[in-house]
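This report refers to the structure that appears directly beneath it.
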Amino acid sequence: MTARVPPDFSARLLAWFDVSGRHDLPWQHPRTPYRVWLSEIMLQQTQVKTAAPYFQRFVDALPTLRDLAAAPLDDVLALWSGLGYYARARNLHAAAKQCVERHGGELPRDLEALTALPGVGRSTAAAIASQAWNDRHAILDGNVKRVMTRYHGVEGYPGLPAVERKLWALVDEHVASSQLPEHRLADYTQAQMDLGATLCTRSDPACVLCPLQDDCVARREGRIAELPTPKPGKTPPQKYAHVLWAEDAQGRILMLRRPPTGIWASLWTLPQADDAEAARGWFDEHLSGDYAGALALPPIDHAFSHYKLQLQPLRVRAEARGKIGDNDDLRWVAREELASLGIPAPIRKLLTNQGA
DNA sequence: AATTCGGGGTT
DNA sequence: AACCCAGAATT
């Protein structure tokens, strides 16, 4: 299904971008490869409004790729704390080290080398190359998928491999257009994302303002509300766990670092157990105190994309039974120190809300 | 190629 | 509560 691309497609899009695009995003000034890369990683599955303050804080703390590579992982995770998808932070850190070792401390200007970096896939690599160096590569993120499915009337959930394959073919065809000047690939990439984010939105798109409205299939056929095809629904399983909020006489909280893989990898959390008995067992093994007098706090509901988790917090005064502190993955943490640790959002909320 | 992984915000 | 969001890694 090779769809025809009007010769003035990119010209119309760029003209719209010059007037109505976003030209003042934090990573655009200055637009260095490091800042472009960082922004692209932060913006994976994350809206601009959410990522922007994190970006500013991150580059203030770690202004260059070499700063990032030299920083402890805990510092990077702390800067990421609250942003979600923490594998992105670990991959970012690993990729920075890789750039120092293999690419002279710079991002490689090569699509394959970029894709070889952890956390960088085809679309992100193309976004970096086009935005940092105006190289001619097509991206396919959520915004572009939405624009393309509507403009070309592509049916089927865009996350399906077969549909995604069609969409890649389409965006490649668009970017190959001779009407797209060499020096405007960065703008072209940004224009598509801006169009998708600000105008061709999921619900109630502003078609009357769209530079592509005249030849948009969804618009012409009145199928704007049906495209892109929504994700097939499925009910995620409900899981339960208990978390132990143990506090010593000085008001410090016992926290542990999760393993480097799996959920909340490498983040600091409260000790967690599958059920009440296991929680009691963990307490008896590591702590002593008035477990019977523990306070059961209101349960926390947290949703992941593939399951739901309800956490039952139990707050208890305790002291260490053996030595705690000689193990780097389990230690007492003062409240003032919480801000500097990478902590999952629901746990941070629990510790902060129920404060002193 | 298909499946799995995964956190916060919005509606 | 369902759904969305500048996807990548794994199998």
Side-chain angles (χ1 to χ4, degrees), chain A residues 21-22 25-28 35-55 77 80-92 94-95 114-131 138-148 157-165 167-168 171 186 189-198 200-204 228-239 258 261-267 269 300-310 342-349:
Chain A
R22 295 177 292 186
L25 297 172
W27 38 89
Q28 294 175 329
R35 292 164 61 94
V36 167
W37 169 49
L38 175 61
S39 72
E40 288 302 328
I41 301 300
M42 283 192 169
L43 289 164
Q44 287 171 359
Q45 307 293 93
T46 305
Q47 292 190 326
V48 166
K49 186 181 174 186
T50 303
Y54 285 86
F55 176 86
L77 288 171
W80 210 270
S81 185
L83 195 51
Y85 288 129
Y86 298 96
R88 294 183 296 175
R90 288 184 292 107
N91 286 334
L92 190 77
L114 284 170
T115 309
L117 297 173
V120 178
R122 180 175 175 182
S123 186
T124 298
I128 295 169
S130 62
Q131 296 220 18
I139 64 163
L140 185 60
D141 64 5
N143 288 310
V144 180
K145 283 178 177 173
R146 193 163 51 252
V147 172
M148 286 292 127
Y157 173 58
L160 292 174
V163 179
E164 197 159 289
R165 202 168 58 241
L167 292 172
W168 272 114
V171 293
T189 297
Q190 189 64 45
Q192 293 177 91
M193 295 192 286
D194 287 0
L195 188 75
T198 69
C200 192
T201 49
R202 183 67 184 85
S203 58
D204 196 24
T229 304
K231 183 190 181 99
K234 53 179 185 289
T235 308
Q238 174 77 57
K239 300 185 179 183
R258 297 185 62 94
T261 59
I263 185 172
W264 294 335
S266 300
L267 268 66
T269 64
I300 304 166
D301 285 299
H302 189 69
F304 296 97
S305 60
H306 50 310
Y307 67 91
K308 299 177 180 180
L309 180 63
Q310 186 178 70
I343 301 172
I347 302 296
R348 186 182 294 284
K349 187 176 175 184

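Just so it is clear: chains get the letters A, B, ... in the order the sequence lines come, proteins before strands, and each one is counted from 1.
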Using atom [atom1] of [X] as one end and atom [atom2] of [N] as the other, report the distance to the nearest whole Å.
X        : N      : atom1 : atom2 : result
A:Tyr54  : B:dG8  : OH    : P     : 8 Å
A:Lys349 : B:dG8  : NZ    : P     : 10 Å
A:Leu77  : B:dG7  : CG    : C1'   : 14 Å
A:Glu164 : C:dA9  : CD    : C1'   : 13 Å
A:Met42  : C:dA8  : CE    : P     : 16 Å
A:Arg122 : C:dT10 : CZ    : C1'   : 19 Å
A:Ile347 : B:dG8  : CD1   : C1'   : 15 Å
A:Leu140 : C:dC5  : CG    : C1'   : 14 Å

Tell me what [X] touches on the nucleic acid: a base, only sugar-phosphate, or nothing, going by heavy atoms under 4.0 Å.
X        : value
A:Thr50  : sugar-phosphate
A:Val144 : nothing
A:Gln47  : sugar-phosphate
A:Gly196 : nothing
A:Leu25  : base
A:Trp27  : base
A:Gln190 : base

Item to check | Closest-nucleotide ordering on DNA chain B, the 5'-leading residue of A:Pro161 and A:Ala345 | outcome: A:Pro161
Next on the checklist: Taking the nucleotide of DNA chain B with the nearest heavy atom to each, does A:Trp264 or A:Gly159 sit closer to the 5' end?
Outcome noted: A:Gly159
Minimum heavy-atom separation for [X] and [Y], please, with both atom names.
X        : Y        : value
A:Pro346 : A:Trp264 : CG-CZ2, 3.8 Å
A:Trp168 : A:Val171 : O-CG2, 3.2 Å
A:Gln131 : A:Thr189 : NE2-CG2, 3.7 Å
A:Gln44  : A:Thr124 : NE2-OG1, 3.0 Å

Next on the checklist: As a quick check of understanding, evaluate side-chain contact (heavy atoms from CB on, under 4.5 Å) for A:Asn143 and A:Gln192, giving each step before the final call.
Outcome noted: CA-CA 7 Å; A:Asn143 288 310; A:Gln192 293 177 91; over 6 Å; no
Item to check | Main-chain N/O of A:Tyr85 paired to A:Arg88 side chain as donor or acceptor, under 3.5 Å | outcome: yes
Next on the checklist: Using the side-chain heavy atoms of A:Asn91, tell me which of these nucleotides is nearest: C:dA6, B:dG8, C:dA9.
Outcome noted: C:dA9
Checklist outcome for this item: Side-chain contact check for A:Arg202: nearest option of B:dG7, C:dA6, C:dC4 is C:dC4
Next on the checklist: Roughly how many Å apart are B:dC5 and C:dC5, using the P atom of each and rounding to a whole number?
Outcome noted: 23 Å
Please state whether the phosphate of [N], meaning OP1 or OP2, lies under 4.0 angstrom from any side-chain nitrogen or oxygen of [X].
X        : N      : answer
A:Ser203 : B:dT11 : no
A:Lys49  : C:dC5  : no
A:Arg146 : C:dC5  : yes
A:Tyr85  : C:dA6  : no
A:Gln44  : C:dA6  : no

Next on the checklist: On the side chain of A:Arg90, is there an atom forming a donor-acceptor pair with the base of C:dA8 - under 3.5 Å, no angle test?
Outcome noted: no
Item to check | Position toward the 5' end of DNA chain C (nearest nucleotide), A:Gln45 or A:Ala125 | outcome: A:Gln45
Checklist entry - Centres of the A:Tyr54 and A:Trp80 rings: under 6.0 Å? => result no
